[in-house]
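For reference, the structure is listed below as structure tokens.
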Amino acid sequence: AQSVTQLGSHVSVSEGALVLLRCNYSSSVPPYLFWYVQYPNQGLQLLLKYTSAATLVKGINGFEAEFKKSETSFHLTKPSAHMSDAAEYFCAVSPTSGTYKYIFGTGTRLKVLA
Amino acid sequence: DTAVSQTPKYLVTQMGNDKSIKCEQNLGHDTMYWYKQDSKKFLKIMFSYNNKELIINETVPNRFSPKSPDKAHLNLHINSLELGDSAVYFCASSSAGDGYTFGSGTRLTVV
């Protein structure tokens with residue numbers, strides 16, 4: 001069985017500050033891991049994905065995430081927050097084969113303060 | 001040229017009615033999905049089709065029936081709509097483990 005836990009349903013950072021959104025996963029098989037962003041009244045957009053290649057994954061809009069197997073974590077970071085980063089962020093886990101059924105975390109609302 | 005398109009974007013209907021949501025993808029993906037997002041933003045998979053074959057069928061009331069006429073289309077029909085069906089429904093498609101491409105969602109409001 002797979003699951004994802006996102007710590008912190010709401011995170012606030014100042015513009016220009018480091019963004020850190022936490023995601024821990026549980027998986028009985030090697031996982032694929034993803035981060036998605038959802039802007040208000042829009043669908044989800046893929047930010048980045050881990051598919052068992054490099055453990056440090058770079059995505060769009062300056063975001064990156066590091067896969068740490070020992071910590072079962074896949075935290076999302078960005079060195080300097082921008083006002084346009086304000087959105088809902090979802091971590092997701094999927095098995096590496098079969099149905100590719102994604103299990104999503106409960107989401108983290110990122111607020112960027114001017 | 002939208003990759004995954006859903007229609008309609010908004011749907012307001014009365015309890016007891018039957019409605020359909022359509023989804024089309026032009027990405028050549030083999031697998032399509034329906035997800036439900038509730039008012040707390042929680043996303044839950046409902047169905048998945050791979051090349052027109054149903055491969056995921058979660059615990060969903062049988063009032064919900066997906067139909068995939070071909071691998072580029074996945075529609076969702078809902079019978080006897082209830083207040084609790086109000087949510088945003090997202091269609092998505094994928095190829096192997098590449099990540100989903102989502103549609104922009106259909107906001108269903110049952111009154």
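Letters go in sequence order (proteins before strands), and every chain restarts at 1. Because the structure is predicted, anything quoted here is derived from the model rather than measured. Reckoned from all heavy atoms, side chains included, excluding hydrogens, waters and symmetry mates.
Going from atom NZ of B:K41 over to atom CZ of A:R109 covers 6.0 Å, rounded to the nearest 0.5 Å. Annotation: the span from B:S94 atom OG to A:F34 atom CZ amounts to 8.5 Å, rounded to 0.5 Å.
B:E24 meets the side-chain contact (heavy atoms from CB on, under 4.5 Å) test with B:S5, B:H73; sequence neighbours excluded.
Within 6.0 Å of CD on B:E53 lie no more than 12 heavy atoms contributed by other residues, nucleotides or ligands. No more than 12 heavy atoms of other residues, nucleotides or ligands shown are found within 6.0 angstrom of NZ on B:K52. Heavy atoms of other residues, nucleotides or ligands lying less than 6.0 angstrom from NZ of B:K9 number more than 12.
Listed in order of number, the residues of residues 79-93 of chain A that approach chain B to under 4.5 Å between heavy atoms are A:E88, A:F90.
Under a hydrophobic-cluster definition in which Ile, Leu, Val, Met, Phe, Trp and Tyr are linked whenever side-chain heavy atoms come within less than 4.5 Å, directly or via other members, B:W34 and B:I55 are assigned to different clusters. In the hydrophobic clustering of ILVMFWY residues, with side-chain heavy atoms under 4.5 Å counting as a link, B:M32 and B:I56 come out apart. In terms of hydrophobic clustering, with Ile, Leu, Val, Met, Phe, Trp and Tyr side chains grouped at heavy-atom distances under 4.5 Å, B:L74 and B:F47 are assigned to a common cluster. Under the 4.5 Å side-chain heavy-atom criterion for grouping Ile, Leu, Val, Met, Phe, Trp and Tyr, A:L20 is not connected to A:Y25 through any hydrophobic cluster. Both A:V57 and A:L21 are members of a single hydrophobic cluster when ILVMFWY side chains are connected at heavy-atom separations under 4.5 Å.
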| said: Using the rule given for side chain to side chain contact (heavy atoms under 4.5 Å, CB included), can you reason through B:I45 versus A:I103, listing the C-alpha separation, both sets of side-chain angles and the distance that settles it, and then say yes or no? | reply: CA-CA 8 Å; B:I45 192 166; A:I103 304 298; 5.7 Å; no
| Test side chain to side chain contact (heavy atoms under 4.5 Å, CB included) applied to A:Q45 and B:T101, step by step | CA-CA 7 Å; A:Q45 180 183 2; B:T101 300; over 6 Å; no
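Residues B:R107 and A:N41 have side chains in contact (heavy-atom distance under 4.5 Å, counting atoms from C-beta outward).
Residue B:K44: no heavy atom, backbone or side chain, is found under 4.5 Å from chain A. For B:Q6, no part lies near chain A; criterion is any non-hydrogen pair under 4.5 Å. With a threshold of 4.5 angstrom between heavy atoms, A:L44 approaches chain B through its backbone and through its side chain.
The nearest pair of heavy atoms linking A:Q42 to B:F90 is O-CZ, 3.8 Å.
In this structure, B:F42 has its ring center at least 6.0 angstrom away from the ring center of A:F104.
Ring-plane geometry between A:Y102 and B:Y100 is classed as parallel, the angle between the planes falling under 30 degrees on a 0 to 90 degree scale with a further cut at 60.
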